[in-house]
Visitor: 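Before anything else, here's the structure in question.
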Amino acid sequence: MSTHFAYGVAVWILLWGLYGIVTSRHLVHLVGCLAVVQSSTYVLLLAIGYRTGGVAPIFKDVPPATAAVDPVVQALMLTDVVVQATVMALLLALSLEVGKKTDTFSPDAIRRMRG
Amino acid sequence: MESLAALPVVLPLLAAALIATLAKLLPRRIADGITLAVCAAVIAIEVRLIIGTWHQPFVTWLGGWKPRGPIALGISLHLEPLGLCFALLTAILVFAALVFALRYFDTVENHFHVLLLIFLGALSCLCVTGDLFNLLVSFELAGAVAYALCGYKTEDTAALQGAINFAVSNTVGALLVLWGLGLLYGRTGALNLEQIGTSIASSPPDALIVVAFTLVSCGLLVKAAMAPFHFWLADAHAVAPSPVCAIFSGVMVTAPLLALARIHASVFSVPFFPHENALREILLGFGTATALLGAILCFAQRHFKRLLAFSTIAHVGLMVTGLGLFAPAALGGTAIYALGHGLIKGALFLLAGVMLHRLGNVDELELRGKGRGLPLLGLAIALGALAVAGGPLSGIFAGAAAIEEEAKGAGYGWLPHVFAFTGIVTGAAILRATGRIFLGLGPVSSGAGAGGGQTGEAPETFGSEDRTPVPMIVAPALLLLLGLGLGAVPGLGELAMDQASRFLGQGPAGPPPTHALEPLANAVPRSLLLVALTIALAGIDLAQGKLGTGGRGLLIRVEKLLIHPLRLLHTGHIGDYVAWQVAGVAAFAFLCLYLLR
């Protein structure tokens with residue numbers, strides 16, 4: 001039951017983040033919504049790896065056969081945190097450039113090319 | 001070979017780290033030299049690896065991890081000729097872009113070299129990896145670098161538009177792939193492509209597998225710019241610096257197709273085998289829509305680089321149909337098509353850079369007649385246009401011939417007409433632009449073919465405009481020759497089909513081949529017909545002023561009913577693009593869930 005709830009939360013966050021991107025009126029807000037969409041993948045991955053009653057996957061004090069949560073998904077999540085931090089930093093820098101050039105952060109300000 | 005396997009990935013990354021560390025100390029020419037040497041070394045290593053894996057793919061495990069029983073531990077590299085040819089194309093394009101940039105950028109710091117080297121390393125990794133998450137991370141790395149390269153000219157607002165739209169669209173695509181990957185991992189506990197495939201092969205696909213397939217495919221097709229995920233490409237490829245555009249259009253949009261082919265072959269081909277016809281029709285439908293949309297909009301552009309970007313979208317649509325046929329001959333044809341298209345489109349973008357350097361602009365209407373003093377440049381672009389149209393003796397021609405033959409054999413006789421239409425319209429658009437710029441033909445205002453795209457582009461070079469520096473001539477000439485010569489390789493179709501059937505896990509087609517392709521010479525008359533029709537279409541559009549009122553009325557009606565509504569859809573607003581992506585994923589998922597179970 002609790003895992004179904006976690007997956008439901010992940011889907012909810014994904015949809016809400018996508019809605020935010022689609023209806024955003026401020027570029028920094030848009031980047032924040034992109035971060036929300038990313039966090040939905042983190043919730044999904046961690047929910048997949050979770051074992052009820054499992055310990056942290058560090059086998060220094062516990063015998064090797066103890067039930068532990070899956071470390072692979074944690075590694076996947078950390079890799080993605082790093083990648084997305086880079087992309088978000090780049091996007092925020094680009095948004096700052098837009099703000100400097102057009103005095104506004106609206107996505108409508110960067111609609112120079114159409115058709 | 002074991003020692004060479006990881007070098008195409010590791011060498012560029014090490015060189016990038018070296019140049020980045022010493023960025024302030026290294027003079028420009030030393031950085032150029034290091035980067036060119038690394039590219040040449042990667043090309044040589046990849047040729048050696050292609051020769052070594054021609055008859056037998058080579059699998060190696062990184063870090064000394066070996067699989068234990070049926071469980072894969074660690075990351076594997078799976079070297080085989082199709083992927084390695086793709087990596088070779090990347091290295092050639094990066095090499096040509098660097099040669100072009102030797103005299104193109106005068107004020108760039110060594111960041112440009114670092115970014116290009118990381119891009120090369122990431123795409124090489126993508127072409128050889130056997131692990132799904134490694135695939136995704138290489139895509140993300142290549143993408144992050146690409147976003148930076150796209151927005152390189154930060155003083156231009158259109159460049160910021162292109163870069164932001166590119167970054168947000170592709171990041172959403174990557175997250176879709178990650179969702180699909182998570183679902184697959186949750187079901188099978190594996191990230192190695194072969195192991196996932198073996199785990200899900202035994203039972204028919206349930207909703208989870210279909211949804212995972214949808215998410216992974218749609219995420220990759222966002223990066224490949226298939227409709228309706230294509231909006232970002234027109235913005236991004238129009239504003240990136242010309243050598244960067246050459247790499248983007250040449251390799252970055254077709255690499256996701258390679259990844260999709262590999263993932264489908266390793267993971268999804270067995271569970272979806274009973275429903276292969278349905279999946280084929282879905283992919284053919286989306287691919288055809290992309291091709292038609294890209295071709296029509298390509299014709300309506302006045303910004304030369306945006307015109308080329310839309311023609312890239314159209315050709316990607318054709319390549320998706322080639323993939324969707326799920327046959328070795330078609331997959332081999334798609335590979336040849338991708339290689340030929342990459343080389344020719346790369347050459348065209350570099351030539352657009354030369355045009356920008358000499359004439360200061362890429363707007364077709366503003367440049368009308370100004371190119372009269374540059375006959376060789378016009379001739380080269382015209383040659384590229386005819387190759388794009390499917391003219392004889394290019395990689396595009398050879399690949400299309402193989403795909404069309406397979407389509408006719410499989411009962412899709414309408415597909416060659418789609419190829420013909422797309423080739424004619426995109427080639428005619430480029431030819432029309434050439435005629436207007438270099439010969440001064442055509443009306444002063446665009447009339448019925450009212451152009452899209454921004455007018456005016458800040459010149460990317462600040463050097464002299466009277467001469468074209470030698471590197472800027474050599475690079476596009478080299479790419480054009482390679483692209484045109486690719487179709488002249490004897491027996492290319494059979495070679496590609498052989499490798500493709502090995503790629504699909506069906507074993508070599510065997511001597512004598514069970515399915516002999518028609519000799520390429522049989523397709524030459526049709527190809528010459530396409531060339532003639534392309535020239536005719538370009539001529540009609542340029543001669544608008546001389547048509548009677550009936551003809552002009554027809555053109556105006558075509559523009560109002562067909563072109564104008566499509567152009568209205570491309571608003572430039574990132575929210576619209578992501579909305580289309582969500583709608584596209586929903587449509588794809590609905591079709592898959594309905595038809596694939």
Side-chain angles (χ1 to χ4, degrees), chain A residues 3 7 10-11 14-15 17-25 27 30-31 33-35 37-38 40-49 70 72-73 75-77 79-80 82-84 86-91 93-102 106-115, chain B residues 133 136-137 140-141 143-144 147-148 151 154-165 167-168 170-172 174-175 178-179 181-183 185-186 189 191 234-235 238-239 297 300-301 303 306 450-454 563-564 566-579 581-582:
Chain A
T3 41
Y7 296 132
V11 173
L14 173 72
L15 295 175
L18 285 174
Y19 176 77
I21 297 178
V22 170
T23 57
S24 175
R25 290 190 303 261
L27 282 174
L30 196 149
V31 177
C33 293
L34 196 58
V37 176
Q38 290 157 18
S40 80
T41 63
Y42 307 153
V43 174
L44 172 76
L45 285 174
L46 292 177
I48 288 173
D70 190 352
V72 173
V73 286
L76 301 188
M77 199 202 98
T79 312
D80 265 311
V82 170
V83 173
Q84 304 303 348
T86 314
V87 175
M88 292 231 301
L90 184 61
L91 273 173
L94 289 171
S95 309
L96 278 181
E97 288 288 328
V98 171
K100 271 193 264 181
K101 288 189 71 60
T102 62
S106 165
D108 285 316
I110 49 167
R111 291 179 57 193
R112 292 292 300 282
M113 277 192 301
R114 307 177 206 192
Chain B
F133 189 68
L136 178 61
V137 169
E140 301 243 20
L141 183 58
Y147 313 149
T154 49
E155 59 278 354
D156 184 13
T157 315
L160 296 173
Q161 172 193 359
I164 292 180
N165 290 353
V168 175
N170 278 30
T171 306
V172 171
L175 293 170
L178 186 57
W179 258 87
L181 184 158
L183 294 178
Y185 181 78
L191 289 173
D235 295 344
V239 295
L297 280 168
Q301 298 298 318
H303 188 292
R306 198 168 155 89
Q454 182 202 17
I563 301 182
H564 190 66
L566 288 177
R567 286 187 51 211
L568 280 181
L569 289 177
H570 291 71
T571 58
H573 191 282
I574 180 63
D576 295 341
Y577 294 0
V578 175
Q581 279 180 8
V582 174

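The sequence lines fix the lettering, A, B, ..., with proteins before strands; numbering per chain opens at 1. Values reported hereafter were calculated over all heavy atoms of this structure, with side chains retained and with hydrogens, waters and symmetry mates removed.
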Visitor: Report which part of V98(A) has an atom under 4.5 Å of a heavy atom belonging to chain B: side chain, backbone, both, or neither.
Guide: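 V98(A) touches chain B through backbone and side-chain heavy atoms alike.
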Visitor: Pick one of side chain, backbone, both or neither for T79(A), based on which atoms fall under 4.5 Å of a heavy atom in chain B.
Guide: side chain
Visitor: Using heavy-atom distances under 4.5 Å, tell me whether L191(B) contacts chain A through its side chain, its backbone, both, or neither.
Guide: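 Only the side chain of L191(B) comes within 4.5 Å of chain A.
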Visitor: Let me confirm one number: the CG-CD1 distance from L30(A) to I574(B), rounded to the nearest 0.5 Å.
Guide: 6.5 Å
Visitor: Supply the atom-to-atom distance L90(A) CG to Y147(B) OH, rounded to the nearest 0.5 angstrom.
Guide: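 So the gap between those two atoms works out to 9.0 Å.
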Visitor: Heavy-atom pairs under 4.5 Å with chain B - which of G49(A), S40(A), G20(A) has more of them than the others?
Guide: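 Going by pairs under 4.5 Å, I would pick S40(A).
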Visitor: Would you compute the distance between atom CD of E155(B) and atom CD of E97(A) and round it to the nearest 0.5 angstrom?
Guide: 9.0 Å
Visitor: Within a strict 4.5 Å, meaning less than it, do heavy atoms of the L178(B) and Y42(A) side chains meet?
Guide: no
Visitor: Report the distance from atom OG1 of T171(B) to atom CG of L34(A), rounding to the nearest 0.5 Å.
Guide: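 If we round to the nearest 0.5 Å, T171(B):OG1 and L34(A):CG are 5.0 Å apart.
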Visitor: For D70(A), check side chain to side chain donor-acceptor pair (under 3.5 Å) against everything at least two apart and list the hits.
Guide: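 For D70(A), the residues satisfying side chain to side chain donor-acceptor pair (under 3.5 Å) (neighbours in sequence not counted) are Y185(B).
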Visitor: How long is the straight-line distance from CG of L175(B) back to CG of D80(A), given to the nearest 0.5 Å?
Guide: 7.5 Å
Visitor: Would you mind checking which part of L15(A) comes under 4.5 Å of any heavy atom in chain B, side chain (CB onward), backbone (N, CA, C, O), both or neither?
Guide: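 Answer is neither: L15(A) stays 4.5 Å or more from chain B.
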Visitor: Pick from L94(A), L27(A), V87(A), L76(A): which one has the most heavy-atom pairs with chain B under 4.5 Å?
Guide: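 It is L76(A).
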Visitor: Enter the distance from R111(A):CZ to H570(B):NE2 here, rounded to the nearest 0.5 Å.
Guide: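 Here the interatomic distance stands at 13.0 Å.
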Visitor: With a 4.5 angstrom heavy-atom cut-off, which part of I48(A) approaches chain B: side chain, backbone, both or neither?
Guide: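 Side chain only.
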Visitor: Side chain, backbone, both or neither: which part of V82(A) has a heavy atom under 4.5 Å from chain B?
Guide: neither
Visitor: Do V172(B) and V37(A) come close enough that some side-chain heavy atom pair is under 4.5 Å?
Guide: no
Visitor: Examine whether an atom of T102(A) lies under 4.5 Å from a heavy atom of chain B, and if so say whether it belongs to the side chain, the backbone or both; otherwise answer neither.
Guide: side chain
Visitor: Please state whether the side chain, the backbone, both or neither of I21(A) comes within less than 4.5 Å of a heavy atom of chain B.
Guide: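 Looking at I21(A), backbone and side chain both touch chain B.
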Visitor: I need the minimum non-hydrogen distance between L91(A) and A167(B), along with the two atoms involved.
Guide: CD2-CB, 3.6 Å
Visitor: Would you mind checking which part of L44(A) comes under 4.5 Å of any heavy atom in chain B, side chain (CB onward), backbone (N, CA, C, O), both or neither?
Guide: side chain
Visitor: Which answer fits A109(A), side chain, backbone, both or neither, if we ask what part of it has an atom under 4.5 Å from a heavy atom of chain B?
Guide: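 Only the backbone of A109(A) comes within 4.5 Å of chain B.
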Visitor: Where on V83(A) is there a heavy atom nearer than 4.5 Å to chain B: the side chain, the backbone, both, or neither?
Guide: side chain
Visitor: Who are the side chain to side chain donor-acceptor pair (under 3.5 Å) partners of Q84(A), not counting sequence neighbours?
Guide: Q38(A), E140(B)
